[in-house]
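Note sheet for the following structure.
If you're wondering where the values come from, they're calculated on a predicted model, not measured in any experiment.
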Amino acid sequence: MNETPLYDRPEIYFAAAAFLLAVGIFGLIRRRTLIGMLISGELIFSAATLNVMAFNRFRAPDPAVGQIFVLFIMGLAAAEVGIALSIIIAVYRNYRSVKTKELSELNG
Amino acid sequence: MEAPEDNSQLLKDCSPYVKFAKLDELLALGRANSLWPLTFGLACCAIEMMAAGASRFDLARFGAEVFRPSPRQADVMIVAGTVNKKMAAAIKTLYDQMPEPKWVIAMGNCAISGGPFVFPGQYAVIEGVDKLFPVDVFIPGCPPRPEALIEGLLKLEEKLTGKRRWPVVKPE
Amino acid sequence: MNPAVPEIPGDSPLKAAQAPAEQAAVTPAVAPWPNPLAHLQIPFRAVDYEVKGYHLEVTVAPGEVVAVATQLDKEGLALDTITGVDWMAEGQMEVVYDYFHLAKPLRVVVRTRIPRDKPEIDTISGVFPGANWHERETHDFFGIKFLGHPDLTPFLLPEDATYHPLRKDFVA
Amino acid sequence: MTEKADFLTGDVAAGQPPRETFVLNLGPQHPATHGVLRVKMTMDGEYIVRAEPVCGYIHRMQEKMGENRTYAQFLPNTSRIDYLSAMTYTHAFVGAVERAAKIPVPPRAEYIRVITSELNRISSHLVWWGAFLLDLGGFTPLLYAFDDREKILDLLEAITGARLTYCYYRFGGLCNDVDDSFIKGTREFVAHMRPRLKMYRGLVTENIIFRKRLEGIGPISQEMCRKYGATGPVIRGSGVSYDVRRVEPYSAYPEFDFEIPTFPGGDSMARYLVRMEEMVQSLRIIEQALDKLPAGPVMADKVPRVLKLPAGDYCYAVEAARGRFAVRIVSDNKEIPYRVKLRTPSLSNLSLFEEASKGMLLPDALALMGSLDLVIPDIDR
Amino acid sequence: MKSALKEIAVGFNSLITGMRITLGQFFKRSVTLQYPHESLKMSERFRGHIELVKDPATGKAICYACKLCERACPSDCIIVEGAKLDGAKKRSVTTYQLDFTKCSLCGSCVEACRDGAIRFSHDYNLASLSKEEFVMDLFKRLETEREEEERREGKPASAVPVAVKPEAAQPAAGQTKVEVK
Amino acid sequence: MDDALFGDLIYIFAFCLGGLVFAAGPFVVVHLLAARKTRNVSNKTQQAIECGIDPIGDAWIRYSAVYYLYALVFVAFAVDVLFLIPVAVVYNREFPIRDFVELLIFVGILSLVIVYAWKKGVFEWKRRKTIPNS
Amino acid sequence: MKAFPASEIIVSAIFILCLATTGLGALIAALSVRIIRSVCGLAICCIGLAGLYYFLHSPFLALMEILIYVGAVCVTIVFAIMLAEPDEQPQPDRHGANILWGGIALTVSVALLWGLWRLSCEADFTSPPNLMTDGSIRAIGISLLTTYSLAFELISLVLFVAILGALAIARTGRTKP
Amino acid sequence: MMQSLSGFIAGFWQFIASLWPEPLRLVLFLGGIMAFVGLNAAYLVWVERKGAARFQRRPGPTEVGYAGLLQPIADAVKLLTKQLIVPAGVDATLFRAAPLMVMAPALMSLAVIPFSDVLSARNINVGLLMIFAFGSINVMALMLGGWSSRNKYAIISAARIVSQNVAYEIPMLLVVITMVMVTGTMNLSDIVKAQAGPFWHWNLFKVWVNPLMPVTFLIFYICMLAETNRAPFDMAEAESELVAGAYTEYSGMGFGVFFMAEYANILLGCSLATVLFLGGWQSPIGIWSGVVWFLLKLYFLVFSVVWIRWTFPRTQFYGLLNLSWKILIPVSLFTLILSSAMLKLIKPFAA
Ligand code: SF4
Ligand code: SF4
Ligand code: SF4
């Protein structure tokens, strides 16, 4: 075992972030509904924040900056979720469905 | 439709894993002293049931004031009032939805036998809820006084634990 | 509205009682006179309130109940109840409409008779929405069909009931 | 089950997606329906699209029974229609029979009838008050109300022998006279009840949470009351001063000075206030009746043991706690009636619920239902 | 704004009032009747199930099986059988079966009986595990009661003056009585 | 290795485990003691509760929660409020008025949300006169 | 950190648990058929992530993650699900496509991992800077009030605008039949 | 014999304690808090039932044990022997997990509550934030429990609970932020320590910091009631509308655990109020501070919760949402601004 404990090794975090990203992308593509896609999108966001945090921690110029950055990402994610959900609701109210396939059929 | 069966036997069957008589006794005591009734009133008798829960008679003394609106959380169904054919299916469903072990008290003559609403050629009333499911305690009267309901609960406790902890009241 | 009261076939025991009872022992506490509905075309008969418990009555043809209801609605009366009477011996069903006035002491009874083997009559639920349930109930009990009624499914009887218990030939 | 499926799926046929509604079932075993009423609610989220009461879960063949037992034998049934105001219901039935058979009732009996009926009205309103508060989630008022009600029940039990299903009135009078202890007890009760009503006001009527739940909620217009035949506190809460005791006076009521409380709001609060005020008026009536209580017998002299009413139909209406209760007896001059029709107030009062609750929120609709003061066997009979 | 503030103030005040009221009740004596430990004396007119009345002279039932009560009962709960015993002038009751589970406690039977041979008991707290228990033979009940009494008193029952309103049984130990208020 | 940080972590973790055990323990006992035989009469034990009536329609339906708009407002608002936390921790320091002004602007914008939602009638619960979606 | 025996192992175990939670949550979120379980998955994933943040020496962010994602985002998504899409129909099983897309996703992420790996290898990491414990939250606060004050105001503005937009959109949807 | 035995135990104890002081401490505190929660959940139910009875002028449980003291035990035994029904068609995993997920966060949160200056399981710097974070897990779990029941009442109720909880989270957070601003820390122990001295040093009475301090406390208290789903905000169990609300389908112990969690949350909420506003373990006269004071204040608050429950009818749920959005949030924003202004504008001059 390495001297540095597991949790102090950046690779682990990067791997975790990459995994989240992969799962997020996969979900984004495979999900049939807008909400499902939104959830996958959140996963991708999380992957990004995790990376940022890892870099901040291990290559920190200033401990606060990375955190503030992540904080803003979270804020933006929340805003995004709010907007996305309201769009989903609006779509649903108009088309009675949030299934992407049906929606595209309805449109074209 | 099952015939009402001997309850003590049933209780034994209910807990096959429990071999210790003492534990059984403890469980029976616990059950007997925490009878939560289902919030379920049908007719006139239901008002007396409410009265029994009210300050004058206070079912709470026996830990039985916790009227639960959901059958899932109730232990004893007090059938207080007339059950008619339209209601029968619903009441059977409610009975089924109560978790074991469960008990039924038939309060009032209507629940016992259809009471004053039985006449030759009647078309609506179920003549006794024991025709629908096993009933443990019968409380006659039209309506029974709240004391009688308390007495019924005590009877049920007696049935569960095998002894009566309270004095017997002679009416005067 | 046809002022002529249609002759109802068959002699009902009501006929005798329909004459205003002169022998009223007590003078009416509230005199129903003059007939507040005299200006209507409906041939109301005044009856002694102290004897019968209502002030005016009329027997109309089955086809006129809606028109009468409309008239009474305009007069500001409210629908009290609708009920049937099964005159089996005469092969007729009587449908009785009770109205009451909200401010004046005025109770009005409207009767009509329909053949027992084809008990059908127009609904007045278009005029008085409150008639809906009364008619459903009457349909339950007597099997009288109210034509144009929005929903004649059993009201007090089980949903699948096909019997009409208040018919005199009903056996459970 | 005659389920109207079109509501959920009907539009699909027309090429449209289904509506966002679902069917919520309240009752027959539901704490808010006070007994076994079932309300089938088609909901759109929290909003009610259609609330359809389904009755008959406690249909007890009262009218059928009227046709197969004698007048005297049917009498006990009348106290089981609306068991909360059993006295007034018995009153209507004995009234109808007395009217038909021309049995004179001694004044003392009429006075005692008024006293007991009004006591019964108060006890009925108390149960309503408690149960209504229970609907709104307040439990303690229920027990206070029951506590006060027990005092009435004690009084009535002492003279009738029963707590709920009094079978006290007889054709031509009462089955027994009241004694001094009853009169004394009643006076004490009146004295006790007045401050209690004040306390109720402080505890509930003025409570902001309570007021917010009732004020302006569940309006019922006068016109709607008329169209549906709603009576009692419901119509008086819409500002119509309709009370059978005034409009068609019966018994000894013309001899008392009392007001018909009306509130114009038409909302749940108005109906609430009407009932609270009615209790005050009932206390007044009781007091006056006790003051004026004449001496004499409580039973008419010659009441035939076997009653046969002359052929014809007879009506008698009383103001029960829930509104106008009327009995129609159709007699064919036999020992048993040809037809007994019971016109019950709760039926008419509830029938407007479907229209009144359209578009309301669920809790408001239930508050509205509570304010109608339903007794389900009174609807189902 | 001002009215909104006022509303808040009034509302808050009403809440305080309510809490004061309940707190007031908190410190008052409880109104509960602790039933199995104390019990009410039933009022004289209390209607329990019916029971046969003893003839104070003979200690036997007054009832002579005229069946008026049976006919008056709306719920058909009464079945009376009588027989003319040897040497008796009148018929006397042999079975008086009451199906209490159907009774509506209406009192028709008591009123129908011209001889006051039945009355309401004060049994207000019946409960049982079987419903058969409430289909009772009042005659037998009376007889066993009489025999018991005889055994207790050690005297023939006929010599015992039985009050129409029997004295209450001894209250159980620790039992207090609460009068009807 | 950070003593305090990981000490905290171990505590939190232990309490989390404890909480789960605490909540799950009773269920284990129940599995040993609970009644198994049943006296059912119509085999409806498993049916969803709907006051004794067979449910009409699935419960997992499109349930149009009216408070949805509240939820929307909430997301943004809660996040906004959370941003105040670090500021609040250090606010009480000997620093110029600037802090206050900043906070004022922040809270001011925050309040606008409420004002806007209020004006837009998000907080209004009117009785629906018309039947929706018909 | 000598207070706990074997603390290294415990902490490592907790860390692995956090990793597992994150991964598991993500998998549930992306793969489960039932949409509500995906939300649960997201919530679980966020709790795991919070743990990871904790290990990255930012307890504050860890808690914020739970508060924002579990407490606000997931809850709102559940609301939206109730409103719009109670359940997703099970997908018709098309393994081929699944494998294809899974492969693509995997490739992308492996590429990313590789890139980051390279990055971290090239940079010389000595022992990690042990700067932040509790001070972090103060540091954040102070920077928010000073250096990043504009951003601080901006985020509230952004959220405000987001709400405006969300409300406007949600409400227009409502009026249309 | 006894002497040597006790001596041995003491010695063993010391040995263990010297060997692993921290783990032992942890286990002790964990056990202690579990016992505290268990006992309190059981006996708060008893207090609730007795209290309710007193408010309604009846004795309450008396027959089971002296003064009904064994009543909670009987209930527990009963619940332990009830059949657990998992209805057909529910999401069984979520259905089973929900009670656990409601209970665990409450217990975790209690870990940071300082019962006295030494009696605190762990003095975590961001303790206050932690309680809120775990609280949000709680909300989520309740919602999932209701949703997974596949019961209409439960779903409606769950939606209501959550919208209520999130609505009240905001004013509560705002109030807490105000308090954090005033004390400058999120460490609960430090917050209590900052209130040392006689009772006018308690945050509740620090009107020179913020003249609206009592109002702030009131807001916190109301939010606490709402967050714990207590009357008059008990949407979770709005039985007159929704049968048993979100718990409708939970039988036996499933319901029991929800019930316990409810009381654990009340305990937590009242503890928090005590810590934030009533000076925690500080005594009102400035001397003899200790855990007794904490418990006294805590139980006084608990009693007031019971008192309120048995006095008021339930609010309309939309009235309740509006109360939060229209009154509590604006007022708490105002107090926030007010205290920040006081801190910056008044304090420098006062000092
Ligand atoms: S037994 Fe008597 S009081 Fe009870 S419900 Fe039946 S009729 Fe009513
Ligand atoms: S009281 Fe009435 S019902 Fe009972 S036995 Fe007598 S007559 Fe029959
Ligand atoms: S009790 Fe009376 S009425 Fe009945 S049979 Fe005996 S004597 Fe006749």
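Heavy atoms of H:Gln56 lying under 4.5 Å from chain B belong to its backbone as well as its side chain.
Within the 4.5 Å cutoff, no side-chain heavy atoms of H:Ser251 are placed close to those of B:Gln73. Using a 4.5 Å cut-off on side-chain heavy atoms (C-beta onward), H:Gln83 and B:Pro101 make no contact. The closest side-chain heavy-atom distance from B:Asn33 to H:Glu63 is not below 4.5 Å.
Rounded to the nearest 0.5 angstrom, B:Glu65 CD and H:Arg58 CZ are separated by 5.5 Å. Note that the CG atom of H:Leu79 and the CG atom of B:Asp75 stand 7.5 Å from one another [nearest 0.5 Å]. The OH atom of H:Tyr153 sits 10.0 Å away from atom OG of B:Ser70, with the distance rounded to the nearest 0.5 Å. Atoms OG and CD1, from B:Ser34 and H:Ile73 in turn, are 11.5 Å apart once rounded to the nearest 0.5 Å.
Checking side-chain atoms of H:Lys78 against main-chain N and O of B:Ala32 turns up no donor-acceptor pair under 3.5 Å.
Your options are B:Ala54, B:Ala74, B:Ser55, and the one with the most heavy-atom pairs under 4.5 Å with chain H is B:Ser55. Among H:Val77, H:Leu70, H:Asp75, the residue making the largest number of heavy-atom pairs under 4.5 Å with chain B is H:Asp75. In terms of heavy-atom pairs under 4.5 Å with chain B, the best-connected choice from H:Gly60, H:Gly254, H:Pro59 is H:Gly60.
Ring orientation note: the planes of B:Trp36 and H:Phe259 are tilted relative to one another, at an angle of 30° to 60°.
The side chain to side chain donor-acceptor pair (under 3.5 Å) contacts involving residues 97-106 of chain H comprise nothing, where partners must be two or more places apart or lie in separate chains. For residues 35-47 of chain H, the pairs satisfying side chain to side chain donor-acceptor pair (under 3.5 Å) are H:Asn40-H:Tyr299, with sequence neighbours left out.
Remark: the H:Thr248 side chain and the B:Arg72 side chain contain no N/O donor-acceptor pair separated by less than 3.5 Å.
Surrounding CZ of H:Phe303 are more than 12 heavy atoms belonging to other residues, nucleotides or ligands, all under 6.0 Å away.
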